[in-house]
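Order of the sequence lines sets the chain letters (A, B, ...), proteins ahead of strands, with each chain counted from 1. Since this is a predicted model, take the numbers as computed values, not measurements. Atoms considered below: every heavy atom in the structure, side chains included; atoms not considered: hydrogens, waters and symmetry mates.
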Protein chains: 2
Amino acid sequence: MPNNHFKRGELYSVINGMASTAVARRLQKHFRQAGLEITIEQWSILYHLWKNDGLSQQELCNRTFRDKPSITRLVDNLEKQQLVQRVASKEDRRINLVYLTPAALLLQEETISLANQTMDEALIGVKKEDIETVKTVLQQVYDNLKQQ
Amino acid sequence: MPNNHFKRGELYSVINGMASTAVARRLQKHFRQAGLEITIEQWSILYHLWKNDGLSQQELCNRTFRDKPSITRLVDNLEKQQLVQRVASKEDRRINLVYLTPAALLLQEETISLANQTMDEALIGVKKEDIETVKTVLQQVYDNLKQQ
DNA sequence: TTGAAATAGTTGCATAACTAACTATATGCC
DNA sequence: GGCATATAGTTAGTTATGCAACTATTTCAA
């Protein structure tokens with residue numbers, strides 16, 4: 001039984017897009033101001049590779065919540081910019097492992113600093129325990145919808 | 001002084017995209033399954049017009065958190081599908097007022113019901129007071145970033 | 001062992017987003 | 001009144017997303 005019959009239309013606006021778009025736009029702006037030519041979507045791929053280089057494209061799908069064609073094209077564009085390189089797996093020839101180039105490693109510190117700064121701006125005046133609640137709720141929302 | 005130095009990278013993933021994308025995809029799926037040919041972006045325009053018909057494109061920008069070119073093209077596509085109509089304002093000839101057609105009025109009840117149903121699915125197991133917290137935090141995030 | 005099903009990735013097509021540059025109209029200050 | 005500036009909207013170019021259909025490879029079971 002649904003437990004939340006109250007202004008769901010507005011809730012929809014809130015959960016869907018408005019805050020996340022604002023954060024994304026701000027981060028993109030910070031990148032641009034720093035003279036960095038990458039998009040935030042490309043950056044999110046690099047972010048996961050900095051944490052764990054050599055992920056397969058499928059793993060990048062899982063970790064960035066994108067579908068396979070999106071990853072294919074993001075990796076295409078990152079390869080064009082010589083920030084990553086596809087390497088066929090030796091164990092399973094269906095799999096491409098994606099590796100960072102030295103150029104990408106140079107971006108890590110500056111861009112993560114800009115991302116942290118962006119989150120600091122975004123979260124001014126927000127209580128720490130409320131942030132935990134947001135994380136939990138949005139994770140629950142994702143889990144509620146992810147299967148099928 | 002930033003007050004939230006803890007795993008902001010992951011927080012970024014949570015706030016940005018994952019939950020909102022999942023909700024969007026689920027709603028789009030519900031529309032498709034019901035044989036409705038509109039995108040959720042188009043629907044969000046109709047949603048604001050059902051609440052207040054005859055908004056200007058600029059007002060639609062403000063209410064849907066989109067930029068002007070996005071609204072131009074969404075209204076283009078809605079006009080192609082004969083769901084809305086542009087009417088030049090008599091007071092200010094720069095302004096287009098956007099009006100719903102009878103066909104769009106027919107969609108209101110069904111699509112809002114599907115949206116509510118989608119939010120119900122999304123919020124299963126989430127406490128009402130936590131939802132209030134999420135709304136408040138995301139609104140704060142938006143307000144923190146919206147100016148300039 | 002062979003053939004069906006599953007998995008990894010790519011391609012094509014449509015829609016949507018952002019930026020920048022543009023047109024048209026309105027406002028406001030000298 | 002006239003010119004600078006602001007505002008409303010459009011257009012063009014690039015990137016990203018969703019879906020469906022496709023190829024290649026692997027897995028698994030009859």
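- One finds a side-chain N or O of B:R86 lying less than 4.0 angstrom from the OP1 or OP2 phosphate oxygen of D:dT10.
- Distance, B:E37 CD to D:dG18 C1': 14 Å, rounded to whole Å.
- Rounded to a whole Å, the CD atom of A:E41 is 17 Å from the P atom of D:dT14.
- Residue side chain B:R93 does not reach the base of C:dT25 through any donor-acceptor N/O pair under 3.5 Å, judged by distance alone.
- No side-chain N or O of B:Q81 forms a donor-acceptor pair with one of B:N77 less than 3.5 Å apart.
- In this structure, B:Q58 places its CD atom 14 Å from C1' of D:dT10, rounding to the nearest Å.
- Positionally, the nearest nucleotide of DNA chain D for A:D67 lies more toward the 5' end than for the other of A:D67 and A:R94.
- One can place CG of B:L55 at 16 Å from C1' of D:dG9, the figure rounded to the nearest angstrom.
- Atom CG in A:L60 sits roughly 13 Å away from atom P in D:dT17 (whole-Å rounding).
- The backbone N or O of A:I38 sits less than 3.5 Å from a side-chain atom of A:Q28, completing a donor-acceptor pair.
- Side-chain N/O atoms of B:T39 include one lying less than 4.0 angstrom from OP1 or OP2 on C:dA16.
- The distance from atom CD of B:E91 to atom C1' of C:dT25 is 14 Å, rounded to the nearest whole Å.
- Closest-nucleotide positions on DNA chain D for A:D92 and A:R66 were compared, and the one nearer the 5' end corresponds to A:R66.
- Of the possible donor and acceptor atoms, one in the side chain of B:W50 sits under 3.5 Å from a partner among the backbone N and O of B:A104.
- Defined by atom type and a distance below 3.5 Å, a donor-acceptor pair is present between the side-chain atoms of B:N62 and B:Q58.
- Phosphate contact (OP1/OP2 of C:dT10, side-chain N/O of A:Q57, threshold under 4.0 Å): present.
- In the model, B:D67 has a side-chain atom that pairs as donor or acceptor with a side-chain atom of B:S70 under 3.5 Å.
- Panel note: side chain B:E79, backbone B:L74; no donor-acceptor pair is recorded below 3.5 Å.
- Heavy-atom distances under 4.0 Å link DNA chain C to A:P69, A:T72, A:R73 of residues 69-83 of chain A, given in residue order.
- At C:dA17, none of the side-chain N or O atoms of A:T21 fall inside 4.0 Å of OP1 or OP2 (strictly under the cut-off).
- Distance NZ (B:K68) to P (C:dA16): 20 Å, rounded to an integer number of Å.
- Between A:R86 and A:D76 there is a salt bridge, since a side-chain N of the basic residue sits under 4.0 Å from a carboxylate O of the acidic one.
- Between A:L97 atom CG and C:dA8 atom C1' the separation is 11 Å, expressed in whole Å.
- Using a 4.0 Å heavy-atom distance criterion, B:Q28 is classed as making no nucleic acid contact.
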